[in-house]
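So the structure is just underneath, and the comments pick up after that.
Bear in mind that the values here come from a model prediction, so they are computed numbers and not experimental data.
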Amino acid sequence: MAKKARLTIEGRDPIDLPILAGTTGPDVIDVSGLTAQGYFTYDPGFVSTASCESAITYIDGDAGILLHRGYPIEQLAEQSDFLEVCYLLLNGELPNASQKANFDFTISHHTMVHEQLRVFFNGFRRDAHPMAIMIGVVGALSAFYHDSLDIADEHHRRVSAMRLIAKMPTLAAMCYKYSLGQPFMYPRNDLSYAENFLYMMFGNPCEPFVVNPVIAKAMDRIFMLHADHEQNASTSTVRLAGSTGANPFACIASGIAALWGPSHGGANEAVLTMLDEIGDASRVGEFVKKAKDKNDPFRLMGFGHRVYKNYDPRARVMKQTCDEVLAELGLGSDPQLKLAMELEKIALEDDYFVERKLYPNVDFYSGIILKAIGIPVNMFTVMFATGRTPGWIAHWNEMISGSYRIGRPRQLYTGHPHRDFLPVDKR
Ligand code: SDX
């Protein structure tokens with residue numbers, strides 16, 4: 001017998017609503033029939049709303065659990081690599097050896113961008129924020145692939161997925177090179193995904209570039225830790241854009257735009273800015289006080305999460321990676337890391353943060369690693385977008401390959417009821 005919820009509203013017959021159960025996690029009350037009964041639900045920020053059914057990623061915020069197709073992020077971070085997690089997110093299963101080799105080969109052979117796309121960069125100022133450039137050039141990719149924009153065609157969807165995952169690092173590195181006035185580096189098919197990214201970022205045509213394997217492994221893990229995170233704001237944006245039938249490049253560009261905000265993917269850049277502003281441990285108390293002050297808009301960047309009311313499991317892995325990178329680079333006593341750890345210690349002992357279950361999230365430590373690797377702060381959210389691309393694409397594909405309707409929320413209207421127009425001499 002299917003479970004149901006009964007909505008009792010004064011003066012009218014009760015409304016029975018089906019309760020749906022997933023494989024794990026909270027059941028959901030299906031309210032899609034409420035409109036026919038003359039009601040909308042009201043849930044600003046979608047705190048209590050499941051927007052869709054999905055089998056890609058599961059988060060248990062109270063327990064601090066993150067599963068990609070059932071596999072814990074801790075095990076994937078320890079034993080897998082970014083492209084293998086891309087395959088897992090897109091296909092639902094880990095690849096066997098030949099599937100993995102074929103996927104890696106396909107990705108590495110789609111890393112180049114059309115030569116005319118290189119000209120797009122010249123329209124930007126050299127100091128343009130790289131996220132502004134990425135929104136532009138990723139959206140523009142659709143202008144080069146008219147051969148594969150039929151979203152109803154599974155092969156077109158697959159080719160677009162490969163192109164986007166493969167080209168994001170190339171475009172990201174081009175943003176950086178453009179800001180320096182250095183030549184763009186063509187991708188190399190003999191390097192791994194992360195090695196190739198570091199080569200395109202820090203290599204130059206005048207001398208050979210040797211990739212540090214510890215740094216490459218850390219970069220790969222940083223991409224992986226950002227790969228997907230259920231129905232977060234940017235993924236929900238991609239799904240909403242995709243529900244109109246927009247092409248995948250336009251949808252991913254919309255996800256990049258949504259990610260840019262400091263409450264979301266822009267937090268990693270904001271963490272470093274905050275640490276610079278705090279300066280040293282003696283001022284941590286002052287900033288924790290500001291973060292608690294309701295009259296002060298300041299928030300502790302890299303802390304808190306809509307879903308995690310426990311330590312973000314990604315932050316734990318990120319901190320471990322941070323220690324590895326700083327040790328490899330001889331930066332063990334990095335002042336910003338020490339400041340971040342002091343900030344974390346004080347915040348986690350403070351009642352305000354404890355009561356609200358505010359813990360470090362994925363953005364708290366990532367910036368310290370990225371900075372140590374030599375990636376400029378304004379490129380941090382571009383790193384997040386590059387890592388998140390397989391997740392965005394997997395959700396877009398899951399929706400488009402299933403049954404879906406255009407997303408069209410309603411509202412609680414609090415504006416003027418009907419009133420007649422007043423000619424200007426009567427106002
Ligand atoms: C990401 O959704 C995802 O999965 C996102 C993400 C992903 O992988 O896609 O995990 C990536 O975006 C991580 C979050 C990065 N953002 C930040 O680090 C920015 C700082 N954090 C906050 O702005 C905030 O915690 C959010 C935006 C992350 C969550 O906001 P919510 O869920 O709307 O929580 P809220 O604003 O309602 O806060 C609840 C309470 C409030 O206090 P009260 O009104 O109850 O007294 O906690 C307070 C808030 O003022 N609070 C903070 C705080 N975060 C929440 N107070 C100080 N500093 C903070 N960071």
Taking all non-hydrogen atoms of both residues into account, name the closest pair between D363 and A267 and its distance.
-> OD2-CB, 3.6 Å
Is the Lys NZ or Arg CZ of R356 less than 6.0 Å from the centre of Y352's six-membered ring, within 45° of the axis?
-> yes
Between R157 (side chain) and I400 (backbone), is there a donor-acceptor pair under 3.5 Å?
-> no
Is it true that the side chains of S54 and E398 contain a donor and an acceptor less than 3.5 Å apart?
-> yes
Under 3.5 Å donor-acceptor, N91 side chain and Y87 backbone = yes
Supply the atom-to-atom distance H226 NE2 to T389 OG1, rounded to the nearest 0.5 angstrom.
-> 12.0 Å
Kindly check if the number of other-residue, nucleotide or ligand heavy atoms within 6.0 Å of CD (E93) is above 12?
-> no
Assess whether atom CZ of R405 is packed by more than 12 heavy atoms of other residues, nucleotides or ligands within 6.0 Å.
-> no
All heavy atoms of I73 vs all of P313, minimum pair found to be CG2-CB, 4.0 Å
Show me the donor-acceptor pairs within less than 3.5 Å that the side chains of residues 367-383 make with the rest of the protein, sequence neighbours left out.
unit_1: K371; atom_1: NZ; unit_2: Q336; atom_2: OE1; d: 3.0
unit_1: T381; atom_1: OG1; unit_2: G265; atom_2: O; d: 3.2
unit_1: T381; atom_1: OG1; unit_2: N268; atom_2: OD1; d: 3.1

Checking R221 against F82: charged group under 6.0 Å from the ring centre and within 45 degrees of the axis?
-> no
Any donor-acceptor N/O pair, K177 side chain to M201 backbone, under 3.5 Å = yes
So does F105 have more than 12 non-hydrogen atoms from other groups sitting under 6.0 Å from CZ?
-> no
Between E78 and Q75, is there a donor-acceptor pair closer than 3.5 Å when you use the side chain of the first and the backbone of the second?
-> no
Taking atom CD of Q182 as the centre, does the number of heavy atoms from other residues, nucleotides or ligands within less than 6.0 Å exceed 12?
-> yes
Which is it for L171 and L117 under the side-chain contact (heavy atoms from CB on, under 4.5 Å) test, yes or no, and what are the steps along the way?
-> CA-CA 9 Å; L171 294 169; L117 199 68; 3.6 Å; yes
Measure up the H264 and F384 rings against each other and bin them: parallel (under 30°), tilted (30 to 60°), perpendicular (over 60°).
-> perpendicular
Quick one: does H395's side chain have a donor or acceptor within less than 3.5 Å of a partner on V238's backbone?
-> no
Do Q37 and I9 come within less than 4.5 Å of each other through their side chains, counting heavy atoms only?
-> no
Presence of salt bridge, E286 and K290, under 4.0 angstrom | no
Quick one: pull up CG in L67 and CG in D60 and give me the separation to the nearest 0.5 Å.
-> 8.5 Å
R125 atom CZ, over 12 foreign heavy atoms within 6.0 Å | no
N-O pairing of E277 and R283 below 4.0 Å = no
Which heavy atom of R388 sits nearest a heavy atom of R314, and at what distance?
-> NH2-NH1, 3.8 Å
Can you find a pair of side-chain heavy atoms, one from W396 and one from C251, that are under 4.5 Å apart?
-> yes
Are side-chain heavy atoms of F287 and L275 found at a separation under 4.5 Å?
-> no
Per side chain to side chain donor-acceptor pair (under 3.5 Å), T57 is matched among H229, E230, H68 by H68
Are more than 12 heavy atoms from other residues, nucleotides or ligands located less than 6.0 Å from atom CD of E53?
-> no
side-chain contact (heavy atoms from CB on, under 4.5 Å) evaluation trace for L343 with L300 = CA-CA 9 Å; L343 184 57; L300 226 45; 4.0 Å; yes
Side-chain heavy-atom pair N196, P169 within 4.5 angstrom cut-off | no
Side-chain (S160) to main-chain (L149) donor-acceptor, under 3.5 angstrom | no
Gap between atom OH of Y58 and atom OG1 of T24 - 0.5 Å precision | 4.0 Å
Would a distance-only check, ignoring hydrogens and angles, find a side-chain to backbone donor-acceptor pair under 3.5 Å from R126 to Y178?
-> yes
Non-hydrogen side-chain atoms of L240 and S243 separated by less than 4.5 Å | yes
Could you pull out every donor-acceptor pair under 3.5 Å between side chains of residues 406-414 and any protein atom, sequence neighbours left out?
unit_1: Y413; atom_1: OH; unit_2: H416; atom_2: N; d: 3.1
unit_1: Y413; atom_1: OH; unit_2: H416; atom_2: O; d: 2.7

Could you check if a side-chain atom of F103 sits within less than 4.5 angstrom of a side-chain atom of L90, using non-hydrogen atoms only?
-> yes
Salt-bridge present (K100, D81; N to O < 4.0 Å) | yes
Derivation of the side-chain contact (heavy atoms from CB on, under 4.5 Å) call for I222 and M219 = CA-CA 5 Å; I222 288 172; M219 196 68 240; 4.2 Å; yes
Salt bridge or not for D293 and K289, using N-O below 4.0 Å?
-> no
Nearest-0.5 Å distance, CD1 of residue I346 to CD of residue E349 | 7.5 Å
Closest heavy-atom pair, L337 versus C322, reported as atoms and distance to 0.1 Å, is CD1-SG, 3.8 Å
Taking only residues two or more places apart in sequence, or in another chain, which ones meet D27 in a side-chain contact (heavy atoms from CB on, under 4.5 Å)?
-> K3, I19, A21
Is the shortest heavy-atom distance from the side chain of L329 to the side chain of I215 under 4.5 Å?
-> yes
Salt bridge present between E154 and R158 (N-O < 4.0 angstrom) = yes
Distance from S179 atom OG to F121 atom CZ, nearest 0.5 Å?
-> 10.5 Å
Heavy atoms of other groups near F40 CZ, more than 12 under 6.0 Å = yes
With distance as the sole test, does T170 use its side chain to make a donor-acceptor pair with the main-chain N or O of T111 at under 3.5 Å?
-> yes
With no hydrogens and no angle check, is any side-chain donor or acceptor of S236 less than 3.5 Å from a backbone partner on Q231?
-> yes
For this output row, return yes or no: ring centroids of Y308 and Y359 closer than 6.0 angstrom.
-> no
Give a yes or no on whether the ring-centroid distance for Y193 and F223 is below 6.0 angstrom.
-> yes
Checking N361 side chain against H305 main chain: does a donor-acceptor pair fall under 3.5 Å?
-> no
Determine whether M318 and F364 make a side-chain contact, defined as any pair of heavy atoms from C-beta on separated by less than 4.5 Å.
-> no
Atom CG of L164 and atom CD1 of I393: how far apart are they, to the nearest 0.5 Å?
-> 4.5 Å
How far apart are the closest heavy atoms of D43 and S48, and which atoms are they?
-> OD2-N, 2.7 Å
Of L88, L225, L66, which is the lone residue that meets side chain to side chain contact (heavy atoms under 4.5 Å, CB included) with L76?
-> L88
Going through the checks in order, is the side-chain contact (heavy atoms from CB on, under 4.5 Å) test met by M162 and I107?
-> CA-CA 6 Å; M162 297 297 114; I107 293 293; 3.7 Å; yes
L94 atom CG, neighbour heavy-atom count above 12 within 6.0 Å | yes
Correct closest heavy-atom pair for R306 and G45 would be NH1-O, 2.8 Å
